[in-house]
Amino acid sequence: MVPPILKQGTCLMILPQSALTDADWRKLQEEALERVGKHRARGVIVDVSALDVLDSFACRVLRSLAIAINMRGAKTVIVGIQPEVAFSMAQLGLTLRLGGIATALDLEEGLDLLRRGLSDARQGRFERFAAPGRVAIKEKRPDCERCADY
Amino acid sequence: MNGALITDEVNLKIASEADIVLARQQGRALAAKLGFNATEQALIATAISEVTRNIVQYAGQGTLKIEVESHEGVQAVVVIAQDNGPGIPDIARAMEDGYSTGGGLGLGLPGAKRLMNDFLICSETGKGTTVTMKKWKRS
């Protein structure tokens, strides 16, 4: 089943609810790119928390989706990669190839990341946002406890 | 497999992309039934996804068997992916990270090997490919 794409402000949210076949992934990629233009979206969040497997094909799609969305002028954040899924991806050897894509713990963090990224972009500070090929934000946020780990 | 007790548990025909999802779900279910933890289940499901996708992509169709093996009280999930496709001309290269003739990331086979404990690949050009891989339950 091709997952629903919801609009939230200037963001699009893609929320797969069950396992996607390769055909679903391809369809999703097309639809997401089209919707970015239709809704003039500035950010796209893909919440993969309901997916129990992200194999090399799914990662390839996510990666090209993020790059293509970037070319359409919006940013992508992948959120909700489950711990065991993250471990499997690392074992598979996917870390480096996904490294350039912005990720966040969950929907809330993802929206926050986009919001901050977007407001910075308006001020002309694009570099803070994780572009493909660059590592994500490492700046310490004063209001965040987890940031102390950096 | 000496001294092993083998029971056929899952036997699937792999012919479409939907079968990839079905295969990994059944593999995960079997691993869960045997008491593999959530991480090991995900590793097994991901490895099954990679080898069954190879069947669909390169051979068009094939079979996937998932069996249970027991050795000195330790259980393993044994995954056998078999096809009669074109075979792999250069297995050494196919096992290298980043090498793909099908436009993928080239992580399928070497990645599946890392996800599992034992990995055996037999391929003959023009005849087909059989991948046998095992994941042992940590006791």
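When reading the values below, keep in mind they use all heavy atoms of this one structure, side chains included, and skip hydrogens, waters and symmetry mates. A note on names: the letters A, B, ... follow the listed sequences, proteins ahead of strands, and every chain is numbered from 1.
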Can you tell me how far the [atom1] atom of [X] sits from the [atom2] atom of [Y], to the nearest 0.5 Å?
X	Y	atom1	atom2	value
Phe57(A)	Gln57(B)	CZ	CD	8.5 Å
Leu115(B)	Phe87(A)	CG	CZ	9.0 Å
Asp55(A)	Ile48(B)	CG	CD1	12.0 Å
Arg63(A)	Leu105(B)	CZ	CG	6.0 Å

Atom of Arg114(B), atom of Gly93(A) and distance for their closest heavy-atom approach: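 Heavy atoms of Arg114(B) and Gly93(A) come nearest at NH2-CA, 3.8 Å.
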Residues Leu43(B) and Gln91(A): closest non-hydrogen pair is CD2-CG, 4.0 Å
Indicate, with yes or no, if [Y] and [X] share a hydrophobic cluster defined by side-chain heavy-atom contacts under 4.5 Å among Ile, Leu, Val, Met, Phe, Trp and Tyr.
X	Y	result
Val53(A)	Ile20(B)	no
Val79(B)	Tyr58(B)	no
Ile44(B)	Leu22(B)	yes
Trp136(B)	Leu120(B)	no
Leu51(A)	Met1(A)	no

Looking at Glu34(A), I'd like to know if its CD atom is crowded, meaning that more than 12 non-hydrogen atoms belonging to other residues, nucleotides or ligands lie closer than 6.0 Å.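 Result for CD/Glu34(A): open.
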Heavy-atom contact with chain A under 4.5 Å, split by part of [X]:
X	value
Ala112(B)	backbone
Gln41(B)	neither
Arg53(B)	side chain

May I ask you to name which of Asp24(A), Val85(A), Thr21(A), Asp22(A) has the most heavy-atom pairs under 4.5 Å with chain B?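 With the most close heavy-atom pairs to chain B, the winner is Asp22(A).
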Option in Glu84(A), Gln82(A), Arg60(A) with maximal non-hydrogen atom pairs under 4.5 Å from chain B: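 The candidate making the most pairs under 4.5 Å is Arg60(A).
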